[in-house]
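Source: prediction; values computed, not measured. Just so it is clear: chains get the letters A, B, ... in the order the sequence lines come, proteins before strands, and each one is counted from 1.
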Number of protein chains: 2
Amino acid sequence: MRVHLENIVLFKNIDEETINKIENFTTEHRVSKDNIVFYEGDEPKYLYLLVKGVIKLYKTSSNHKEVVLKYFHDNELIGEVANFEGMPYPATAKAYSDVEFLKIDFEKLKEVIFSNPNMAFNIQTSLIKKIKNLENIISTNLVLDSKERVAKYIYNHSEDFFETKNIEIAEVLGVSPETLSRILKFFKDKEIINVKTKFADKEALREFF
Amino acid sequence: MRVHLENIVLFKNIDEETINKIENFTTEHRVSKDNIVFYEGDEPKYLYLLVKGVIKLYKTSSNHKEVVLKYFHDNELIGEVANFEGMPYPATAKAYSDVEFLKIDFEKLKEVIFSNPNMAFNIQTSLIKKIKNLENIISTNLVLDSKERVAKYIYNHSEDFFETKNIEIAEVLGVSPETLSRILKFFKDKEIINVKTKFADKEALREFF
DNA sequence: AGATAGAACTGACCTATATCAACGCCAAGA
DNA sequence: TCTTGGCGTTGATATAGGTCAGTTCTATCT
């Protein structure tokens, strides 16, 4: 195994013996962009730990519209609810970039969690992080309108905003590319952002959300 | 203390000694409808455990519109993220009915969690439940439109649906009372529900979401 | 340089839902 | 019995954002 568990946040402060044990039922996978990691409805058996890349979790609604629930990034745990609850995965996971992840046999991991307080603590931390994340998604999506969401996005991603394609940003924000284009025009007109000089007036943006 | 911790899900399978210890830094509270439990921005010190009633968690957005993030029910934990992360509460909690809850000194509870695997497990279960809940909110709100949400609501609340005031249902669902009224009319016209006979055709409702 | 394709932009239109306003219904109190 | 206030209903209107279609821009390939 090339990925070393001890470098992963979830396994911080875990003794070597336990790590070795976990390695025995953990497998490493690489999947390239746009391939499916698991489907909605699949029976869970493994806990997924995203090591590198981005995984998109989405549902296909009745009218065949794809609704993105969440993008996962490094060190995030995927599928813990389905595993803990023994219910099928409620959504489909797809590689949004080339990704590297671990599949951990859940039943076996559970035993380790029970017998190792540090491991239990790490799982807890990871769950809390996830809750925070979900709460953030909810408040962003329910409280803010499109313009506010765009302002928040630029504010939080001022580093890479100008290097990211608008259609991708639109997808992440859950707005149509046309709407995003119009909103960006608004900010350009107000000289809050400038695409040529790659300037973003963070103070001014902050006012919007 | 009249509420006995051993009857509460969070303390299931916890030995008496530990429970007694926890009781030492737990206080019981009763708050009547419409009073505030804590405010957005407050520094967290206690973990709240709702014993009875409903607590509404909401944010007040920039344009003074109140956005409900979540309703808490029996046995739910409130504020664990703020406590674990040491950040101020991100939203305001208000009693939506007369409520009974416990305030548990978080720093002290943390020690107990560390030293007691069963307690760690129970916290974990509670966190998982919460994640499931949040994911459900997200998929309901992002994936379903109003009519679908109403259908789902009636389906899941067929017991008390006819006893609940429409304005309350509208608030829970995050739609205006007018919209709810029109949607209900639609279901009445299709004879999927009947307010007189308190009949709801669950099969038919299921088709809508 | 010209060709091509994907991205961005723009205007016209559509749709879901909110908002506003008016009205009727019904239960509780006078 | 009359009054009152909250709730539900209904129609008219407003609005945010999506969809569609056409155009322009830009970067890459030949």
*Asks:* In whole angstroms, how far is the P atom of C:dC25 from the CD1 atom of B:Ile167?
*Replies:*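 My rounded result for the distance is 20 Å.
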
*Asks:* Return a table of donor-acceptor pairs under 3.5 angstrom between the side chains of residues 167-185 of chain A and protein atoms on other chains or two or more places apart.
*Replies:*
residue: A:Glu171; atom: OE2; partner: A:Lys56; partner atom: NZ; Å: 2.7
residue: A:Glu171; atom: OE2; partner: A:Tyr71; partner atom: OH; Å: 3.1
residue: A:Ser176; atom: OG; partner: A:Thr179; partner atom: N; Å: 3.2
residue: A:Ser176; atom: OG; partner: A:Thr179; partner atom: OG1; Å: 3.0

*Asks:* With a cut-off of 3.5 Å and sequence neighbours excluded, list every side-chain donor-acceptor pair involving residues 154-162 of chain A.
*Replies:*
residue: A:Asn156; atom: ND2; partner: A:Lys152; partner atom: O; Å: 3.4
residue: A:His157; atom: ND1; partner: A:Tyr153; partner atom: O; Å: 3.0

*Asks:* A:Asp98: what forms a side-chain contact (heavy atoms from CB on, under 4.5 Å) with it, not counting sequence neighbours?
*Replies:*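 Per chain and number, A:Asp98 pairs via side-chain contact (heavy atoms from CB on, under 4.5 Å) with A:Ser32, A:Lys33.
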
*Asks:* Considering residues at least two apart in sequence or located in another chain, which fulfil the side-chain contact (heavy atoms from CB on, under 4.5 Å) criterion with A:Lys190?
*Replies:*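 Expected list: A:Phe186, A:Ile192.
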
*Asks:* Nearest-Å distance, CG (A:Leu144) to C1' (D:dA16)?
*Replies:*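 The distance from CG of A:Leu144 to C1' of D:dA16 comes to 15 Å, rounded to the nearest Å.
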
*Asks:* Taking the side chain as everything from C-beta on, heavy atoms only, tell me whether A:Phe25 gets closer than 4.5 Å to A:Leu109.
*Replies:*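 Heavy-atom side-chain distance check passes, below 4.5 Å.
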
*Asks:* Can you list every pair that meets ring-ring contact (aromatic ring centres under 6.0 Å, His included) and has a residue in residues 125-152 of chain B, with sequence neighbours left out?
*Replies:*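 As it turns out, there is no ring-ring contact (aromatic ring centres under 6.0 Å, His included) pair with a partner in residues 125-152 of chain B once direct neighbours are skipped.
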
*Asks:* Would you kindly give the NZ-to-P distance between A:Lys165 and C:dC9, to the nearest whole Å?
*Replies:*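 These atoms are roughly 14 Å apart.
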
*Asks:* Going by the rule salt bridge (charged side-chain N to carboxylate O under 4.0 Å, His left out), which residues pair with B:Glu191 if we only count those two or more places apart in sequence or in a different chain?
*Replies:*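 Per chain and number, B:Glu191 pairs via salt bridge (charged side-chain N to carboxylate O under 4.0 Å, His left out) with no residue.
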
*Asks:* Within less than 4.0 Å of OP1 or OP2 of C:dC9, is there a side-chain N or O belonging to A:Asn166?
*Replies:*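 Affirmative; the distance criterion is met.
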
*Asks:* May I have the distance from B:Asn141 (atom CG) to C:dT17 (atom P), rounded to whole angstrom?
*Replies:*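 Rounded to the whole Å, the gap is 12 Å.
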
*Asks:* Quick one: list whatever passes ring-ring contact (aromatic ring centres under 6.0 Å, His included) with B:Tyr39, sequence neighbours left out.
*Replies:*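 For B:Tyr39, no residue satisfies ring-ring contact (aromatic ring centres under 6.0 Å, His included) once neighbours in sequence are set aside.
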
*Asks:* When you compare the protein's N or O atoms with those of nucleotides 14-16 of chain C, which come within less than 3.5 Å of each other, and at what distance?
*Replies:*
none

*Asks:* Tabulate below the donor-acceptor pairs under 3.5 Å that side-chain atoms of residues 120-135 of chain B make, not counting sequence neighbours, or state none.
*Replies:*
residue: B:Asn122; atom: ND2; partner: B:Leu10; partner atom: O; Å: 2.8
residue: B:Asn122; atom: ND2; partner: B:Lys12; partner atom: O; Å: 2.8
residue: B:Thr125; atom: OG1; partner: B:Phe121; partner atom: O; Å: 2.9
residue: B:Lys130; atom: NZ; partner: B:Leu77; partner atom: O; Å: 3.0
residue: B:Lys130; atom: NZ; partner: B:Glu80; partner atom: OE1; Å: 3.0
residue: B:Lys130; atom: NZ; partner: B:Glu80; partner atom: OE2; Å: 2.9
residue: B:Lys132; atom: NZ; partner: A:Glu85; partner atom: OE1; Å: 3.0

*Asks:* Quick check on contacts: within residues 171-178 of chain A, what sits under 4.0 Å from DNA chain D by heavy-atom distance?
*Replies:*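 Residues of residues 171-178 of chain A that come under 4.0 Å of DNA chain D are, in numerical order, A:Gly174, A:Val175, A:Ser176, A:Glu178.
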
*Asks:* Any residue in residues 182-201 of chain B with a heavy atom nearer than 4.0 angstrom to DNA chain D? Just list them by number, or reply none.
*Replies:*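 The stretch gives B:Arg182, B:Lys185, B:Lys188 as the residues lying under 4.0 Å from the strand, ordered by number.
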
*Asks:* If the condition is salt bridge (charged side-chain N to carboxylate O under 4.0 Å, His left out), which residues does A:Lys198 pass it with, not counting sequence neighbours?
*Replies:*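 A:Glu163.
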
*Asks:* Could you tell me if B:Lys103 sits above the aromatic ring of B:Phe101, with its cationic atom closer than 6.0 Å to the ring centre and no more than 45 degrees from the axis?
*Replies:*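 Here B:Lys103 fails the 6.0 Å and 45° test against B:Phe101.
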
*Asks:* Any side-chain N or O of B:Thr179 less than 4.0 Å from the OP1 or OP2 oxygen of C:dT17?
*Replies:*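 Negative; the distance criterion is not met.
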
